[in-house]
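Notes follow the structure.
Counting starts at 1 for both ligands and their atoms, in listed order. Positions are given from 1, in the same order as the sequence printed here. Please read these numbers as outputs of a predicted model, since none were measured by experiment.
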Amino acid sequence: MDVAEFRRRGKEMVDYVADYLEKIEERPVYPDLEPGYLRQLIPTEAPLEPEGFDEIMQDVERVIMPGVTHWHSPRFFAYFPAASSFPAMLADVLCSAIGCIGFSWAASPACTELETVMLDWLGKMLQLPDCFIAGTQGRGGGVIQSTASEATLMSLLAARCKAVRLIQAGDADRSEADILSKLVAYTSEQAHSSVERAALIGAVLMRKVPTDHCYAVRQETLKRMVEEDKAAGLIPFYFCATLGTTPSCAFDRITELGPLCNKENMWMHIDAAYAGSAFICPEFRPLLNGVEFADSFNFNPHKWLLVNFDCSAMWVRERADIIGAFKMEPLYLKHENQESGLVTDYRHWQIPLGRRFRSLKMWFVFRMYGLKGMQAHIRKQVSLAKEFESLVRADKRFEICAEVVMGLVCFRLKGSNELNQSLLKKITKSREIHLVPCQLSSRFVLRLAICSRSTESRHIQHAWRHITQLAFELLQEQPH
Ligand SMILES: *Cc1c(COP(=O)(O)O)cnc(C)c1O
């Protein structure tokens, strides 16, 4: 493909993408296929001779689209949203064109500097405490990680390193191996599985903290566990709080937990992967109170803030903690500028060396929506969730299973888990809408999350009509 063909095909691709998104609702939201479907549709070897672009695009419809779960369909209500917007998609094209690998300031100064400034912009939109803002002199600052899972892992590894150093500073004879074997981390029993995985990868013990009737971790519960563990000779060093849990969007009580973590010298990381985006709205910002006690904070603009995957925003109070834990400096990566708010070598903040120019997506989105446009997006999606909630509440056969705070509604048919499992099976099989379940207090619960940017009231009304129709059929089939 030469540059002339690229110009032509590029414009065709934009048209294809626009058509795809404009008419996405006409496609079944969830594919109807057996595993292994794709292998039968394409050759077993890569082609020897070059093929044409038209042939490939024909195969996109023949091979790919039938096997796509359409996350941006307004009939998709599963998991949590995957953010998407046109400005972000266009910025991604530019990112591919520049194609730099921004591991150090010198490797592409714009890539590093825009990221630092975008994380400051975003941190200010969230009204994060000053200690997290890089500015020009700051000791803290932000970084884009690929995913919340990596942000959690980074925070846990930094905390582990800090704990070992702190203990060795007071007791130089104590071996690292001995300390590591005594470290204990904590997180909610409702935390995302990636938190437990971080502890597995970081090779430390992690204990699950039971939650209250709202599925939130309370200070008394954590305090009791920390005291028990200290009495048993263990070293509590890390707590990962969740703001907006994956099953039910519950909020750990960080205003009470933060002071406890600070007093016990435990690193507090906050995982707000989904809910964090809503904190740009003043009415949701109180849920972030207590962040001033945190050592690190993370949320995913790629979930709910219109920036396409991947873009997970992480802030640390002390950049030295995170850099100190992982610094490696071979000669070929050295340059004469010193690490500060002005010069950052982001390779020290993450696991891979290479990194894309992801801050371009933020810059385009923040400027083309403005804070007001992004707030309007959040508010609209929350109001759609409230609309669905009121439909559920008006139907005596159903119940709401957790407070609806943001864009997630947890609900079920009053009755057995088996009944609700059958209802979800019918929903999945019909392919009209797509939902996933969760478990709350050993009950099987359906989760409806407002996901697509193009979801409107009519889609909520349609989803509810569809669910009640299937529920009606199911209840008819039940033996009385
Ligand atoms: C979605 C989610 C994650 C995982 O996010 P990734 O960016 O895919 O790693 C982690 N924690 C919570 C609370 C989530 O909702």
message = Regarding Gln381 and Thr455, do their side chains bring together a donor and an acceptor under 3.5 Å, going by distance alone?
response = no

ask   = Please, which pairs that meet side chain to side chain donor-acceptor pair (under 3.5 Å) have at least one residue in residues 282-294, sequence neighbours excluded?
value = Glu283-Arg379, Arg285-Asn289

remark   = Across all chains, not counting sequence neighbours, the ring-ring contact (aromatic ring centres under 6.0 Å, His included) partners of Phe366 are none

ask   = Who passes side-chain contact (heavy atoms from CB on, under 4.5 Å) against Pro210, sequence neighbours left out?
value = Glu189, Thr221, Met225

request  = Let me know which protein residues bring a heavy atom to under 4.0 Å of ligand 1; chain then number is fine for ordering.
outcome  = Phe80, Thr147, Ala148, Ser149, His192, Ser194, Thr242, Gly244, Thr246, Asp271, Ala273, Asn300, His302, Lys303

ask   = Within 45° of the six-membered ring axis of Trp363 and under 6.0 Å from that ring's centre, is NZ or CZ of Arg367 located there?
value = yes

request  = Ignoring hydrogens and angles, tell me if any N or O in the side chain of Arg453 forms a donor-acceptor pair with the backbone of Ser84 under 3.5 Å.
outcome  = yes

